[in-house]
J.: 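The structure that follows is given in the form of structure tokens.
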There are 2 protein chains.
Amino acid sequence: MKKINFIPLYLQVKNDILSRILAGEWPPHTFLPNEFVLAEQYGVSQGTLRKGLEELTLEKYIVRAQGKGTIVAPIDETSSIFPFYLLYDKNNTRIFPSTETLKTELLSPPVHIAEKLRIKPTDSVMFAERIRILNGKTMLNEALYLSPSPFPPDTLKNLKTLPNTVYAFYLKEFGIRISHAIEQMIAVMPDESDIQRLNVKPNEPLLMVCRISYDVNKIPVEYRISKINSQEYAYKFKIN
Amino acid sequence: MKKINFIPLYLQVKNDILSRILAGEWPPHTFLPNEFVLAEQYGVSQGTLRKGLEELTLEKYIVRAQGKGTIVAPIDETSSIFPFYLLYDKNNTRIFPSTETLKTELLSPPVHIAEKLRIKPTDSVMFAERIRILNGKTMLNEALYLSPSPFPPDTLKNLKTLPNTVYAFYLKEFGIRISHAIEQMIAVMPDESDIQRLNVKPNEPLLMVCRISYDVNKIPVEYRISKINSQEYAYKFKIN
DNA sequence: AAGTGGTCTAGACCACATT
DNA sequence: ATGTGGTCTAGACCACTTA
């Protein structure tokens with residue numbers, strides 16, 4: 001007889017602590033109770049609790065410091081649990097542009113995008129065109145397709161617009177955490193919309209980044225195409 | 001009094017096991033002795049030994065399977081300890097091109113590259129031009145600058161050539177493991193050498209990838225510029 | 001049934017930051 | 001001096017694979 005539903009204690013503890021953090025019981029920058037108190041609360045040993053906290057540390061939800069305590073990490077688009085901001089200026093400092101949404105609509109996606117989101121081409125996705133702005137200059141021209149499947153039914157229908165920081169929004173509103181993404185980089189020549197919005201010349205090549213974002217269950221959440229003037233801004237990556 | 005040289009037992013154990021793996025005592029695909037035997041050998045408890053093995057698992061040197069045992073992972077360029085191969089063909093399967101070195105020489109690097117390698121512009125680096133070939137087609141045009149600093153003195157002087165799989169070579173010959181890298185992606189128009197070697201038209205943009213590779217001590221080892229026809233081949237990345 | 005890694009405990013002691 | 005997280009132990013039991 002195979003037990004199919006065995007969940008280790010430390011994972012149950014970990015998930016419960018995580019849900020309490022996300023629910024706001026311990027806001028960012030506050031301290032969690034110490035190991036012994038938490039272990040007592042959950043009725044487990046210090047070692048078991050610690051193993052749960054270690055995983056939360058690896059996943060960047062908390063930061064532990066010997067002698068001090070366990071601190072809840074901030075959750076926003078630029079924090080380490082969303083390592084998806086990869087833009088740098090010429091001084092090599094990370095930049096966080098603001099976003100302007102030009103258009104949103106519900107539509108049936110192109111076939112190749114439906115495939116990537118693993119949905120039927122007849123399903124409707126939320127489509128958005130956005131530009132990203134820094135110091136008054138448009139630096140990024142973006143199109144975004146939001147899959148219906150990870151969200152509760154009719155969510156997209158009722159979404160009239162998207163906030164600037166979408167990943168934090170998915171997490172806070174729907175508990176959907178973007179845990180990883182696959183990006184493909186392509187060099188392209190600008191189209192009409194790029195030339196206008198990014199203020200580039202027709203013969204200046206752009207970096208096009210196509211990103212599929214996945215939640216913790218490996219369900220595709222979003223497909224995003226970004227075009228950047230890579231002479232002006234650096235798109236950088238750390239591999240390890 | 002501050003102990004500055006405190007090294008946890010589990011790290012000592014881990015490093016010793018790793019050095020034994022790299023020395024070839026346990027070749028790839030073979031089983032390590034089980035936890036209790038190893039713990040006994042090192043004179044530590046099962047828990048301490050396990051913590052060392054857990055880190056080696058995270059770093060992909062070994063693979064552990066419940067009920068089976070602990071297996072040594074293969075070490076070559078394409079294995080998971082070198083996650084630096086990011087090329088895919090149109091069928092979305094990873095490709096591993098072969099390499100042809102066109103030229104190597106010792107020279108003083110350009111200032112901006114010396115900066116990135118954190119060496120003096122008067123230091124001499126090994127410079128190589130290489131192309132990478134798949135199915136008879138050149139798909140990648142590459143320049144490579146190898147820093148002298150992580151290597152023993154005069155190593156570069158005596159290196160007449162570079163093998164195809166340089167990262168595995170650094171590890172095997174000098175114990176230098178490339179642990180992470182920073183990549184910057186730029187869209188460029190092809191130069192004369194690109195047009196010839198990659199067989200592209202002058203108006204077809206290329207993806208240029210500039211990579212700085214670091215060893216475990218965060219010392220820059222290599223600076224590499226690769227140019228790819230990104231219409232033909234996909235350059236992909238996983239973020240998490 | 002035997003052997004492996006995975007989980008869990010209860011308790012001790014160490015290193016570090018703060019008071 | 002106190003309280004925190006970090007290391008370490010010795011032993012028990014569980015889940016999984018293979019024979």
Side-chain angles (χ1 to χ4, degrees), chain A residues 1-18 20-21 25-73 80, chain B residues 1-18 20-21 25-73 80:
Chain A
M1 182 57 184
K2 211 172 193 172
K3 274 196 203 171
I4 197 66
N5 279 326
F6 170 72
I7 298 175
L9 250 184
Y10 76 90
L11 281 182
Q12 298 177 36
V13 170
K14 171 197 162 188
N15 287 330
D16 191 79
I17 292 176
L18 178 54
R20 289 168 78 181
I21 288 175
E25 179 171 344
W26 298 299
H29 302 294
T30 61
F31 281 82
L32 251 54
N34 76 46
E35 291 184 348
F36 296 95
V37 173
L38 275 177
E40 165 105 46
Q41 275 187 24
Y42 283 104
V44 299
S45 74
Q46 190 207 5
T48 299
L49 181 101
R50 174 193 297 284
K51 189 156 183 187
L53 292 185
E54 261 165 21
E55 292 214 346
L56 291 174
T57 304
L58 284 176
E59 294 168 15
K60 315 281 175 92
Y61 284 108
I62 58 177
V63 176
R64 313 193 75 199
Q66 191 173 129
K68 293 174 81 174
T70 301
I71 303 158
V72 179
S80 49
Chain B
M1 183 58 185
K2 209 172 195 172
K3 275 194 201 172
I4 196 67
N5 279 326
F6 171 72
I7 298 174
L9 249 185
Y10 75 90
L11 282 183
Q12 298 177 34
V13 170
K14 171 196 160 189
N15 287 330
D16 191 79
I17 293 175
L18 178 55
R20 292 169 76 181
I21 290 175
E25 180 170 346
W26 297 299
H29 302 294
T30 61
F31 282 83
L32 251 54
N34 75 47
E35 291 184 349
F36 296 95
V37 173
L38 275 176
E40 164 104 47
Q41 275 186 24
Y42 283 104
V44 299
S45 74
Q46 190 208 6
T48 300
L49 180 99
R50 175 194 297 285
K51 190 155 184 190
L53 292 185
E54 260 164 23
E55 293 215 345
L56 290 174
T57 305
L58 285 176
E59 294 169 15
K60 314 282 175 90
Y61 285 109
I62 57 177
V63 176
R64 312 194 75 201
Q66 189 174 93
K68 294 175 79 174
T70 302
I71 302 159
V72 179
S80 50

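Residue numbers start from 1 in every chain, and the chains themselves are labelled A, B, ... in the order their sequence lines are given, proteins ahead of strands.
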J.: With a 4.0 Å cutoff (strictly under), does any side-chain N or O of B:T70 reach OP1 or OP2 of C:dG5?
T.: yes

J.: Are the side chains of A:L49 and A:I17 in contact, using a 4.5 Å heavy-atom criterion?
T.: yes

J.: Take N1-N3 plus N6-O4 or O6-N4 for Watson-Crick, N1-O2 plus O6-N3 for G-U, both under 3.5 Å. Which runs of 3 or more such pairs involve DNA chain C?
T.: C:1-18 with D:1-18

J.: Does A:K68 place a side-chain N or O at less than 4.0 Å from the phosphate oxygens OP1/OP2 of C:dC16?
T.: no

J.: Touch check for B:Y10, heavy atoms < 4.0 angstrom, all strands: base, sugar-phosphate only, or nothing?
T.: sugar-phosphate

J.: Relative to the 5' end of DNA chain D, which residue comes earlier, A:G67 or B:Q12, by the nucleotide with the nearest heavy atom?
T.: A:G67

J.: Any side-chain N or O of A:R64 less than 4.0 Å from the OP1 or OP2 oxygen of D:dT4?
T.: no

J.: Enumerate the residue pairs fulfilling salt bridge (charged side-chain N to carboxylate O under 4.0 Å, His left out) with a member in residues 33-53 of chain B, sequence neighbours excluded, ordered by first and then second residue.
T.: B:E35-B:R50, B:E35-B:R64

J.: B:E54: what forms a salt bridge (Lys or Arg N to Asp or Glu O under 4.0 Å) with it, not counting sequence neighbours?
T.: none

J.: Counting distance only, does the side-chain N/O of B:N15 pair as donor-acceptor with the main-chain N or O of B:L11 below 3.5 Å?
T.: yes

J.: Starting from C1' on C:dC8, measure out to CD on A:E35 and report it in whole angstrom.
T.: 15 Å

J.: Please give me every residue in residues 46-58 of chain B whose heavy atoms get under 4.0 Å of an atom in DNA chain C, ordered by residue number.
T.: B:R50

J.: Would you please name every residue forming a side-chain contact (heavy atoms from CB on, under 4.5 Å) with B:V37, sequence neighbours left out?
T.: B:P33, B:N34, B:Q41

J.: Could you tell me how far apart A:K14 (NZ) and C:dT7 (P) are, to the nearest whole angstrom?
T.: 12 Å

J.: Which residues in residues 26-34 of chain A have a heavy atom closer than 4.0 Å to any atom of DNA chain C?
T.: none

J.: Want to settle it: does B:F36 or B:S45 sit nearer the 5' end of DNA chain D, counting the closest nucleotide to each?
T.: B:S45

